[in-house]
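First comes the structure, then the notes that go with it.
Start at 1 and go down the list; that is how both ligands and their atoms are numbered. When reading the values below, keep in mind they use all heavy atoms of this one structure, side chains included, and skip hydrogens, waters and symmetry mates.
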Amino acid sequence: MRFYSTQDHGLRVTLEQAVLQSLPADGGLYLPERIPRLGEAFWSSFHHQSFSELGFHVARSLLGDAVSPQVLETVVNGSLDFDAPLVQLTENEFILELFHGPTLAFKDFGARFMARLMSHLRTDSEVTVLVATSGDTGAAVAAGYHRVQGMTVYILYPSGRVSPLQEKQLTTWGDNVIALEVDGTFDDCQSLVKAAFLDVDLQKKRTLTSANSINLARLIPQSFYYFRAIQQLRSDDPTTIVVPSGNLGNVTAGLLAHRMGLPVSHFVAAQNQNDSLVQYLRTGHVPDRTAVRTHSNAMDVAQPSNLARVVDLFRDEKDGPEPLLTADSVDDEDTLDAMRRVYERHRVFLDPHTAVGWVAAERLNPVGGPKVVLATAHPAKFPEAVRIATGRTPPMPERLAAFQRRTKKARPMSAEYAELRAILSG
Ligand SMILES: *Cc1c(COP(=O)(O)O)cnc(C)c1O
């Protein structure tokens, strides 16, 4: 299996290149040259497979001979050491809990798989990963790469601009994960990372790679839990999956699963007021705006990078993504209202991202069949919003509380590139 760029359908690169380079030089995004449908053997044992077995077969089919079965099994088993339980709230409404990983959000799936795959694909003795973060992605990456062999990770975050709990999740790992506390903004952190990637002399000394959200290796494991959802659902009725969406990576993984033969009849990308896909499907382009702040802040994205992949996956369909994929936009008021209602009716706390999905699912009524909303984060990660909506504080899981007791270790630095360069050259 090889990989092409959404900007250049003639390009073919190996899995090593796609994963270690992250982005093609032409500014596109990588996708597999073929998306094979899973065969009879897979489906006949579908209901008896563990999560790791499902993951292995899906990844094996998608990656083909690009990686050996032994390596793939190690990577998948190392990534999927927590499950994605399906929880039923009403006769036809379910949530798929994707927040049982180390940082309690679905990004743990992508980060863990990507770290282990990179570690196996590297040819140099040591690979240096650079990430600029405004919070949650960096936490998942730090957790995902911690103690993974041959990988050194530098996390750049803006000093004083992440929440105290997020900061603990970024700065308390040690070993091969180094937190750099930048005296600047998130944009400064991104500029520093960009400058390092353009620094030819530095590249001679270190193999640099990025762990950003558009790496193909992050998408692949996200398709696994769509299979897990359908397996647990055990329904023959047409099923809708609602995906709280920002950069559209998660929904792209769902579309890949569908291409591989997963029986889903409809995907809804649920967005907050940053409704880029709603606009795109209506008008054919994304308005030139900047993101507005909402309670579902991990979805405050105005120009979603994975739109290029979504568009490319439908390039042979005369009507484009619809009707398989539709989009909806939910404002903060409706989001908080859903969090309150679901708590009052079911005694279940939803985080604001999941609540956006919940509202989008409700608006589908009276469409029949099961609706599965992906629960992308644990409510305890967003105690403020939960308090505003329900008047209560969600219980904090021990895994999250444990971070608060750990000691911060970060190296302060200015936003000058010379300083980052000195650190990376040392
Ligand atoms: C990143 C994130 C999203 C958005 O996912 P995309 O793949 O960017 O569309 C939704 N919810 C939470 C909690 C997230 O962290």
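- Only one option out of F56, F224, F113 pairs with L80 in a side chain to side chain contact (heavy atoms under 4.5 Å, CB included); it is F224.
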Using residues 91-98 as the side-chain source, report each donor-acceptor pair under 3.5 Å to any protein atom, sequence neighbours left out, with the distance given to one decimal.
unit_1	atom_1	unit_2	atom_2	d
E93	OE1	T90	OG1	2.9
E97	OE1	H100	NE2	2.7

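- Applying the side-chain hydrogen bond (donor to acceptor under 3.5 Å, both in side chains) test to D83 and every residue at least two apart in sequence or in another chain returns R228.
- Between E344 and R392 no salt bridge is recorded (no basic side-chain N to carboxylate O distance below 4.0 Å).
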Show the atom names and distances, to 0.1 Å, of all donor-acceptor pairs under 3.5 Å that link a side chain in residues 237-248 to residues at least two apart or in another chain.
unit_1	atom_1	unit_2	atom_2	d
T239	OG1	D237	O	3.1
S245	OG	V243	O	2.8
N247	OD1	S305	N	2.8
N247	OD1	S305	OG	2.9

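- Using modelled atom types, one finds no donor on one side chain facing an acceptor on the other under 3.5 Å when comparing R218 with N215.
- Enumerated by chain and number, the residues approaching ligand 1 to less than 4.0 Å through a heavy atom are F106, K107, P244, S245, G246, N247, L248, G249, N250, A298, M299, H353, T376, A377.
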